[in-house]
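Have a look at the structure below before the remarks.
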Amino acid sequence: GMAGPAARSPLPLLLLLLLPDTSAEPELRFRPPAEAPVRLFTEPELARYDGQQEGQPIYLAVKGVVFDVTSGKEFYGKGAPYNALVGKDSTRGVAKMSLDPADLTHDTTGLTEEELKSLDDIFNNVYKAKYPIVGYTSRRILNEDGSPNLDFKPEDQPHFSIKDEF
């Protein structure tokens, strides 16, 4: 079913903090298309996009960045090989190339150098290169106490704005 408008809690203060500071880049001749406001996903919200419902988008978070992997349905959809990764932040599973339920978590504690390097490679060369970013997990945008994390910076994804424009 459709989620009511209540599902998207307004975060005006947060969105103000997240607006890009454009003053430092006067040399840009054209603006990329207006960025959608940064959407914050709680765990229960993200869990709704787990590929189980036909016609619903499929979302997967890596390093707190929520990607729309619907175009990769044959990998991430219901019954597909990587369906276990979706609807949650599966950073650890991506780093370890593991579908073990214990690894389907944001927690990277104790990963080896190789696993962390592999994570960054897959994050940049697979997810950021192939799938649009639709938002961020609340863990990525907020501090433990729920206040906005002032160090948060949205990920750049230039190839998407270009592809969508032409």
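Keep in mind the model is a prediction, meaning the values are calculated, not measured.
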(message) Parallel, tilted or perpendicular, judged at 30° and 60°: which one describes the rings of Y127 and Y76?
(response) tilted
Between [X] and [Y], is there a side-chain N and carboxylate O pair less than 4.0 Å apart?
X: D89; Y: K63; result: no
X: E45; Y: R39; result: yes
X: K78; Y: E54; result: no

Problem set entry | Min side-chain heavy-atom separation D120-N125 under 4.5 Å | no
- Task: For residues V62 and F67, determine if any side-chain heavy atom of one lies less than 4.5 Å from a side-chain heavy atom of the other.
- Result: yes
Stepwise side chain to side chain donor-acceptor pair (under 3.5 Å) check, D68 with T70: CA-CA 6 Å; D68 181 340; T70 314; 2.4 Å; yes
Scanning both residues in full, the closest heavy-atom pair of D100 with S98 reads N-OG, 3.0 Å
Sorted by chain and residue number, the ring pair (Phe, Tyr, Trp, His ring centres under 6.0 Å) partners of F41 (sequence neighbours excluded) come out as Y59
| task | Ignoring hydrogens and angles, tell me if any N or O in the side chain of E74 forms a donor-acceptor pair with the backbone of A80 under 3.5 Å. | result | no
Contacts of L99 meeting side chain to side chain contact (heavy atoms under 4.5 Å, CB included) (sequence neighbours excluded), chain-then-number -> Y82, A84, L85
**OP:** Apply the test side chain to side chain donor-acceptor pair (under 3.5 Å) to residues Q56 and D50: give CA-CA distance (whole Å), side-chain angles for both, the deciding distance (0.1 Å), then the verdict.
**Re:** CA-CA 9 Å; Q56 274 282 79; D50 61 358; over 6 Å; no
Sequence neighbours excluded, the answer for side chain to side chain donor-acceptor pair (under 3.5 Å) partners of R140 is E155
